[in-house]
There are 2 protein chains.
Amino acid sequence: MKLYGYFRSSAAYRVRIALNLKGLHADQAFRHLRRGEQRSPDYLPLNPQGLVPALVLEDGSALTQSLAIIEYLDETHPQPRLVPEDAVQRARVRAFAQAIACEIHAVQNLKVLGRLRALGHGDEVVNGWAHDVIAEGLAACEALLAEEAGPFCFGSAPTLADLALVPQLYNARRFKVALDAMPRLLAAEAACQALPAFIEAAPERQPDAE
Amino acid sequence: MKLYGYFRSSAAYRVRIALNLKGLHADQAFRHLRRGEQRSPDYLPLNPQGLVPALVLEDGSALTQSLAIIEYLDETHPQPRLVPEDAVQRARVRAFAQAIACEIHAVQNLKVLGRLRALGHGDEVVNGWAHDVIAEGLAACEALLAEEAGPFCFGSAPTLADLALVPQLYNARRFKVALDAMPRLLAAEAACQALPAFIEAAPERQPDAE
């Protein structure tokens, strides 16, 4: 398999953690988002959205969208399970991951911030937008876990939810979001960051890190 | 079951189609998004994100995020299947739905457009933002289906992908997006709109339609 990513992409980071947890190897290829390499003619056939990640399988099929890729990996390599067995718990784990992927990350990623810059906004407004989207979104995520047992987001082992959370907290710190009011999210992150699968997937550990 | 929605919410519309396709009944409750009813103190415990939909189950559990709700319905009521059996096809169907839910809808929903207005932008900029996000996003979706058999997004029956597509095309027309260059998406929509499950889920057919 070959994973196209970028060290600081939250979505690629999620997939790296999944591969590590499952002990799977994928060759890594990099598309530098700030240089626009994700829109190059050799890459768009793999991901017509012009986004990372893309995971190219042995037979050449290209999969896109990090949450869909992780569910594929979970279905084809079920150990350890990243989506729980119980239907209601599955729905809760997926909803938490989607609350981050759709309502936080997709609204503050490089592409959206570029749209704001194109409207004439400078650093203060652009960074303020990202800050507010992340702060409000993570506050809702903290509430989503109010009745869930820890130490991970949903119980005693990492799930798809944790794979979404850890990269989003990395992003939260880049935009100086105060995290004191989110003890449950921080506890889940701490549980994750004790595991080599998470440590080795960190942006600064990637070959393309700047 | 009880579905909290809003007639024009794309995300609630997706869930209505799923319920109809599976022949399931849910009582409907409405939260008027423009009046902010999705942030009322009686609703936030059901959906801490302050978004519709929420699906409350018989035992009182509340599920959020439309794609997670639809997968829950698909797993608990498997006929007709909305996510295919083959792992690669499952990943493609989910990626298509997420390309719409995350990269299009979440970036042009009422909440994001409200953020733009709060920055001082008027109708022209706000509607232009929604137009561009939808036009670019749907062009990528057209490309994602280039090698998929029709008439639906993925083959001979509707899937989660079609449940995301039809509400997004409804939204595209509200923002006057030209759809001529997207024949494959329009063909899938036409196949869907021949089915009562889609027709009856349309915004203008809902009790809260204005």
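These figures come from a predicted structure and were not determined experimentally. Letters go in sequence order (proteins before strands), and every chain restarts at 1.
When the candidates A/G137, A/A140, A/P45, A/A68 are compared by the number of heavy-atom contacts under 4.5 Å with chain B, A/A68 comes out ahead. Each of B/A106, B/A146, B/A99 has some count of heavy-atom pairs under 4.5 Å with chain A, and the biggest count is that of B/A99.
A/P203 meets the side-chain contact (heavy atoms from CB on, under 4.5 Å) test with A/F7, A/Y13, A/R16, A/Y170; sequence neighbours excluded. With sequence neighbours excluded, the residues that form a salt bridge (Lys or Arg N to Asp or Glu O under 4.0 Å) with B/E71 are A/R94, B/R94.
Neither the backbone nor the side chain of B/V93 comes within contact range of chain A, judged by heavy atoms closer than 4.5 Å. Of the atoms belonging to B/N109, it is side-chain heavy atoms, and not backbone ones, that fall under 4.5 Å from chain A. Heavy atoms closer than 4.5 Å to chain A are found in both the backbone and the side chain of B/S61. For A/R115, the parts lying under 4.5 angstrom from a heavy atom of chain B are both the backbone and the side chain. Contacts between B/V88 and chain A at a heavy-atom distance below 4.5 Å involve backbone atoms as well as side-chain atoms. Proximity to chain B is limited to the side chain of A/V125, based on heavy atoms less than 4.5 angstrom apart. Contact annotation for B/L67: both backbone and side-chain heavy atoms come within less than 4.5 Å of a heavy atom of chain A. The contact between B/A62 and chain A is made entirely by backbone atoms, counting heavy-atom distances below 4.5 Å. Of the atoms belonging to B/E136, it is side-chain heavy atoms, and not backbone ones, that fall under 4.5 Å from chain A. In this structure, no portion of A/I70 lies under 4.5 Å from any heavy atom of chain B.
Between B/K111 and A/V107, every side-chain heavy-atom pair lies at or beyond the 4.5 Å cut-off. With a 4.5 Å cut-off on side-chain heavy atoms, A/L119 and B/L119 do not count as touching. Contact check for A/L116 versus B/L116: side-chain heavy atoms found under the 4.5 Å cut-off. Contact check for B/T64 versus A/R92: no side-chain heavy atoms found under the 4.5 Å cut-off.
Note: B/L144 CG to A/Q49 CD = 6.0 Å, rounded to the nearest 0.5 Å. In this structure, the separation between SG on B/C102 and CD1 on A/I100 is 11.5 Å, given to the nearest 0.5 Å. To the nearest 0.5 angstrom, A/Q98 atom CD is 6.5 Å from B/Q98 atom CD.
Taking a 6.0 Å sphere around NZ of B/K22, one finds it holds more than 12 heavy atoms contributed by other residues, nucleotides or ligands.
A ring pair (Phe, Tyr, Trp, His ring centres under 6.0 Å) check over residues 107-152 of chain A, counting only residues at least two apart or in different chains, returns the pairs A/H121-B/H121, A/W129-B/W129.
For the pair A/Y72 and B/A87, the tightest heavy-atom approach, listed with the atom from each and the gap, is CD1-O, 3.6 Å.
Residues of residues 25-36 of chain B lying under 4.5 angstrom from chain A, judged on non-hydrogen atoms, do not exist here.
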